[in-house]
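A quick write-up on the structure given underneath.
Below, each value reflects all heavy atoms present in this structure, side chains not excepted, and no hydrogens, waters or symmetry copies.
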Amino acid sequence: MEKHNSSLVVESTYADLVINAGKVTFGEENRKKLQRTQRDQEREKVTQAACALLNSGGGVVLMEMANNDEHPVEMGLDLEESLRTLIQSSDLQAFFETKQEGRRFYLFVKSWRPHPSSEEDSIKPRICSLRSSLYRRSGTSVLSMKPREAFDFLKNKKKNTKLSGNEPPNKIPRQSKQNSHNLNPADQTFQRDYLQRGEILPFPESYCVEFKQFSTKHIQQYIKDIIPEYIAAFANTGDSYLFIGVDDKSKKVLGCAKENFDCNSLRRIIEDAINKLPRVHFCQPQHQITFTLKFLDVLEEGQLYGYVCAIRVRPFCCAVFSEAPKSWMVKGKQVCGLTTEEWVDLMMDTDPDLLCLSEDFESQLSLSSGPPLSRPVYSKKGLEHKEDLQQLLFPVPLEGVQYTPESLWLELSSEHEGLEELIKKQMHPFSPGILILSRSWAVDLNLPEKPGVVCDALLVTQNSAPILYTVLREQDAGGQLYCTRTASTLKQKLVNMGGYPGKLFVTPRVLQLSSESDAGSSEGSGSLIDYPESYNLADTQQMEALLQSLVIVLLGFRSFLSDQVGCEILNLLTAQQYEIMSKNLHKTTKLFIHGLPGTGKTIIAMKIMEKIKNVFGCEENEILYVCENQPLKDFMCNKNICCAVTRKAFMSTDFKKIKHIIIDEAQNFRTENGDWYKKAKTITHTGKDNPGILWIFLDYFQTSHMADSGLPCVQRQHPREKLTKVVRSANQIAEFLQDKVHEVSKNPPPNIPPESLKILHEAEWAQGVPGECEIREYLNLDQVVAYITEKCQFFLKHGYSRKDIAVLCSTTSDVEKCKSKLQTAMRKRKHSDSNEGSHLLERFKNASDVTGNHIVLDSVRRFSGLERNIVFGIDPQAAEPAVFNNLLLCLASRARKHLYILKVRRVDGDKIFPLS
C-alpha cells in the first residue's frame, strides 16, 4: 500500500529518539512573512517528526532557527495548530514542551497514551495521526473523519462484519433493489442513455448524490484529483451517485464538449484511480470496490454536444481510504509513514478477550492505557503483581540510596579496588533512591555485552531523571557509545514495553576505573540536551511507577498463550525465576535446575538462551537445545533462538559449531544411544579458559521410565538451583499434583534418588485460579470417547478454541486406536447437531504442530514439556507400574485449567478392556 515516506532521520548520538528537522522559522510574525510553500514544508516536517515521536515512545525534535531574532520567540500558531490536530486536544502541555538555546530550538515530545484525561474524553485513538484519509458523506458534503471518528467507524464496521457472518452488506435481494430504483430519480437518470444540454435534473444533491462541473483545463487531472475523496466517501456511506458535468446549484446539465473528451482514456484513468484506493477488510473473502461507470451523451438541438461522466458506487463491505493515512513512526533510524494496514492494525489493537486470560490472569498493562507500541501484560492470579515484585526487588528507601542486589554489590566491590569509593562519590548528592546494579544492563535489555565493562548501574532517585552509569576498567572510546545506546534502549523499553506514563529521559554517564589514571566520569552526549524539570522524578510515587515499568521490562516474557490468542501478550516471571535468570553466565557455566511440575523450567530455558546469545556474542547455530521428545523439539525450533534436537539425534550427530547446550526434561533421557552427559560436557568444555554454557533442567517427579537417565548422581549435580513455586495449574489441578508428588515421594521408583525428592518440602503452590480436575470411570472406550466429544463441543461453544484442547493417551499405539473412534463420534455429532460450530470438532493432529489450530491427540510422553488449557487423559496406564504415579503427574501437569482423567473399568483382575 502507498504510504507517506519522510526524509527525516533519527540522530544516533543521543540517549533518546532525537529527530533533526533542520531549519525552521519560529515566531508568529516571522511565519506570516514566509511564502506559503515554505511555511507548509516547515510545518509538514515538524508535524511528521512530532507524530513519529508520539507514536514511538517520545523523544525530541531538534531544529535550527531560520530566523535571526536575538530574543526567545514562540513557535507560531500554524505549528501549534498542527500539534493540536495530532493529539486532538487543546492541551499542548500534556505532550509537548519547548526550549530555545541560542540558535537551537527543542520540541520535547512525550509518548502518546490513549488513556482518557477526563470523563468527557472517554476514548482516544491508539495512535496519533495528522489525517485519517477516511471520508464520509454528511448532508451534501464530503467530510474527513478525524482519528477518533475513524476509530468509531472502523470499530462499527468490524462489529457489523462479524454480525453479518462476513457477508458484504451490498448483497441486497433483487426485488428489494428493483423497488428501490423505481423510487430513486438519481438511479433513473443514471440508467438513461442521453441527457439534454441545459436540462434541469429532477433531484438535488444529497448524501447519496454529488454534482460536479468539468474543469475547463486539465480534465483528466481534475478527475484524478476528485476521485479518491468522493469515491471513498460514497463507498463508506452507502449507494451513491457522482455526476460530473452538472452544475451543483442549478442542477443544470452542462456536460463536457466532445472535442475535449476522450472516453476510452478517461475510463482507464477513472477505473485505475478507483481500483488503487487503499482498502482494509475485516471479512473474507476480500472484495473489490463495486462501481459502475457510464458516459451519458449530452445532446444539443438533437446533435451530440459532449458527455456527462456518471459513477454509481455501491456500499463497501469494510473501509475505503482516499490514500494511506498521514501517520508516522520511527523504524530503526528512519521516520516512516504507516501503510494503511499498519495504521488500521494499530488503531484497532485491543486487549485479547479470551476466557483463559480473563479468568486466569490479571492485567498489569492494558492497551487501553498503554503507549502505541506496548503489548498487553498479564500476571497469573495468585502470583505477585508488578507492584508486589517492585516492592520485593526494587523497594524505594525512605532515605539514602539503597544498592541492589546487595550480593552483586559486595561481589563487585571485592573484585574491583576503588569501585566502592567511585560509586559512593557519585551517589553523594542523591536521596532517597535505589541503585540497581548489573554486570551488563545491555544484556538485561537483550543487547550484546561489551568487553571491558566492570558493571552498569541504574540510579532511580527523587528530583532527578534516571541515570545509567557504565563503569569501565579503563578509558575506552567505545564506552560512551555503549552507555548512550544502552540508556536509549532502556528509556524506550520503559515506555513502550513497561508502559511508564510520565515524561522520561535516562541520562548516560561513563565512569573509568583505572590504576593508570585517576578514576573519573563523563556524561554521555545525550545529556547535552538540557531536559525540562518535568522530566525529573518528582516524588516516591513517580519513582515506584518507573520501577514497576522496569519490572515489566526485566521480568516480562512472551507468553505461550500468544500463539493461541493470535497476538503477542506478555506474562511476568516470578522473583524466583528472575533470580536464576540473573546469574552471571561467565561464572555459572554449568548449572542443574531442579523444578517441580509447572514451575516454568522451559520458559527459563528459552530466556537463558536469549541471554547466552548476548553475553557471548553467539549466533543461533552455536546454541543447542536438547530434549527427549520430538514435539517439544519442534516447538523450540519455531522460536528461532537456537538449534534444537532430540536426545537421540544429539547422540548421532557431530556438532562442530555448537558452543553452548541447554538440556530440558533431562529426567526422561536414556543412555541407550550412549553417554549424552559426557558428550555435552565435552562439547561445552573444550576450551578450559573459556568454557561454554551447559545448563540442565529436570524434574525427577516426572520420570516416566525405569531406565538409567544418564544424569550424574545428585551429589555431583553442582552447582544446583531449585524452582519450587508452581505457577501454571488451576487450584484443583494443583491439589491433584500435590497428592501425586507426595505419593511419588513416599514410594519412588528405584531409579529416582530419594534425596532429589526433598525439594517437595520447599514447594509453594500458587492459589487463585479456578479450574476443574475430574477423574471418571467408564465401562468401555466408546463411553470415554462420547464424553470427550460432548465436552469438546461444550468448550468450543463457550469461547475456547481447538488450540486449547489436548487428548492424551498412554502410548502411541493407543493414540491410533482412539483417533478413529474420536473422528467417528465427532462426525456423528456433527450430523445430529445443526450448530454451525460442530464441524470444528473433526480436526485432530499430533503434538508435532502444537501451535496449529487443531485438537492435539498424542501420548503423554510425547506431550511432555508442553501444555494446554484443557487436557483429557484416556485410561492412563504405565508399562512399568512403579512409574504409574509419575505418569499421572506428568499428565496432570500438562493442563493449565481443566483436567479430565478418564479410566476404563477393569475386569478379571488386572485385565482391562482393550482399545480396539
* To do: Check for a donor-acceptor pair, side chain of R558 on one end and backbone N or O of E568 on the other, with a separation under 3.5 Å.
  => no
* **N/O donor-acceptor pair under 3.5 Å between Q667 side chain and L698 backbone** => no
* To do: Starting at CD1 of I661, measure out to OG1 of T684 and round the result to the nearest 0.5 Å.
  => 5.5 Å
* Shortest non-hydrogen separation from L902 to P876 and the atoms involved -> O-CD, 4.3 Å
* To do: Locate the shortest heavy-atom distance separating P597 from S893; write the atom from each residue and the value.
  => CB-CB, 3.7 Å
* Do NZ/NE/NH1/NH2 and the carboxylate oxygens of E672 and R647 come within less than 4.0 Å? -> yes
* **Set of ring pair (Phe, Tyr, Trp, His ring centres under 6.0 Å) partners for F701, sequence neighbours left out** => none
* To do: Look at the side chain of N751 and the backbone N and O of A707, then say whether any donor-acceptor pair between them is shorter than 3.5 Å.
  => yes
* With a 4.5 Å heavy-atom cut-off, do L554 and M581 have their side chains touching? -> no
* Does a side-chain heavy-atom distance below 4.5 Å link N446 with N614? -> yes
* Structure fact -> Closest heavy-atom pair, S440 versus Y482, reported as atoms and distance to 0.1 Å, is OG-OH, 3.5 Å
* **R868 side chain vs V850 backbone, donor-acceptor pair below 3.5 Å** => yes
* **E411/K587 ion pair, N-O < 4.0 Å** => yes
* Asked: How long is the gap from CG on L888 to CD on Q702, to the nearest 0.5 Å?
  -> 12.0 Å
* Decide yes or no on side-chain hydrogen bond (donor to acceptor under 3.5 Å, both in side chains) for T812 and R861, but give the supporting numbers first. => CA-CA 9 Å; T812 53; R861 287 184 177 88; over 6 Å; no
* Asked: Testing K601, E721, K722, Q717 for side chain to side chain donor-acceptor pair (under 3.5 Å) with H594, which one passes?
  -> Q717
* Asked: Distance-only, no hydrogens or angles: does the D739 side chain make a donor-acceptor pair with backbone N or O of F736 under 3.5 Å?
  -> no
* To do: Would you check if the distance from the ring center of F616 to the ring center of H586 is below 6.0 Å?
  => yes
* Trace of the side chain to side chain contact (heavy atoms under 4.5 Å, CB included) decision for C642 with I662 -> CA-CA 10 Å; C642 61; I662 300 297; over 6 Å; no
* Start with the C-alpha gap between Q364 and V551, add the side-chain angles, then the distance that decides, and say whether side chain to side chain contact (heavy atoms under 4.5 Å, CB included) holds. => CA-CA 11 Å; Q364 301 298 294; V551 163; over 6 Å; no
* Asked: M609 versus K639: any side-chain heavy-atom pair under 4.5 Å?
  -> no
* Asked: Hey, mind stepping through I805 and Y800 against side chain to side chain contact (heavy atoms under 4.5 Å, CB included) and telling me if it holds?
  -> CA-CA 9 Å; I805 305 171; Y800 288 92; 5.7 Å; no
* Provide the closest heavy-atom pair for V714 versus P753 in the form atom of the first, atom of the second, distance. => CG2-CG, 3.3 Å
* Could you check R439 against E415 for salt bridge (Lys or Arg N to Asp or Glu O under 4.0 Å), going step by step and ending with a plain yes or no? => CA-CA 12 Å; R439 289 191 177 270; E415 289 176 1; 3.2 Å; yes
* To do: Take I855 and R802, measure what side chain to side chain contact (heavy atoms under 4.5 Å, CB included) needs, and give me the verdict at the end.
  => CA-CA 5 Å; I855 298 173; R802 289 174 294 199; 4.0 Å; yes
* **Crowding at NZ, K678 (>12 non-hydrogen neighbours, <6.0 Å)** => no
* Distance-only, no hydrogens or angles: does the K611 side chain make a donor-acceptor pair with backbone N or O of K583 under 3.5 Å? -> yes
* Check against side-chain hydrogen bond (donor to acceptor under 3.5 Å, both in side chains), N886 and S704 -> CA-CA 6 Å; N886 303 71; S704 61; over 6 Å; no
* Rounded to the nearest 0.5 Å, how far apart are CD of E628 and NZ of K648? -> 10.0 Å
* Asked: Would you call L887 and Q877 a side-chain contact if the rule is heavy atoms closer than 4.5 Å?
  -> no
* Check the pair Q715 / E755 against side-chain hydrogen bond (donor to acceptor under 3.5 Å, both in side chains), numbers first and verdict last. => CA-CA 9 Å; Q715 293 80 1; E755 58 268 34; 2.8 Å; yes
* Any idea how Y900 and H898 line up, ring-wise: parallel (<30°), tilted (30 to 60°), or perpendicular (>60°)? -> parallel
* Would you indicate whether K679, at its atom NZ, is surrounded by more than 12 heavy atoms from other residues, nucleotides or ligands within a distance under 6.0 Å? => yes
* Asked: Heavy atoms, side chains only, cut-off 4.5 Å: are V784 and D875 in contact?
  -> no
* Asked: For F557, is the NZ or CZ atom of K607 found under 6.0 angstrom from the centre of its six-membered ring and inside 45 degrees of the ring axis?
  -> no
* May I ask you to say whether K740 pairs ionically with E743, meaning some side-chain N is under 4.0 Å from a carboxylate O? => yes
* Asked: Is there side-chain contact between L389 and L555, with heavy atoms separated by less than 4.5 Å?
  -> yes
* **Closest non-hydrogen atom pair between C455 and L437, with its separation** => SG-CD2, 4.5 Å
* To do: Indicate yes or no: at least one non-hydrogen side-chain atom of P748 is less than 4.5 angstrom from one of Y700.
  => no
* To do: Please confirm whether the backbone N or O of D804 pairs with a side-chain atom of N869, one donor and one acceptor, at under 3.5 Å?
  => no
* Kindly indicate whether the side chain of L866, heavy atoms from C-beta on, has any atom under 4.5 Å from the side chain of V856. => no
* Any salt bridge between E579 and K725, counting N to O under 4.0 Å? -> no
* To do: Hey, could you give me the CG/OG distance between N668 and S709, rounded to the nearest 0.5 Å?
  => 9.0 Å
* To do: Could you tell me which residues satisfy ring pair (Phe, Tyr, Trp, His ring centres under 6.0 Å) with W676, sequence neighbours excluded, listed by chain and number?
  => F669
* Knowing that exactly one of V726, L737, L889 qualifies, which makes a side chain to side chain contact (heavy atoms under 4.5 Å, CB included) with L596? -> V726
* Enter the distance from W695:CH2 to T589:OG1 here, rounded to the nearest 0.5 Å. => 10.0 Å
* Asked: So, does N629 use its side chain to make a donor-acceptor pair with the main chain of S864 at under 3.5 Å?
  -> yes
* Structure fact -> So CG of L857 and CZ of F872: to nearest 0.5 Å the spacing works out to 12.0 Å
* Main-chain N/O of G771 paired with Q732 side-chain donor or acceptor, under 3.5 Å -> yes
* To do: Return yes if some donor-acceptor pair links the side-chain N/O of K903 with the main-chain N/O of I775 below 3.5 Å, else return no.
  => no
* Looking only at heavy atoms, which two atoms of L694 and H685 are closest? And how far apart? -> CB-CE1, 4.4 Å
* Heavy atoms of other groups near K659 NZ, more than 12 under 6.0 Å -> no
* To do: Could you tell me whether E762 atom CD has more than 12 heavy atoms of other residues or ligands within 6.0 Å of it?
  => yes
* Can you label the angle between the F655 ring and the F650 ring as parallel, tilted or perpendicular, going by 30° and 60°? => parallel
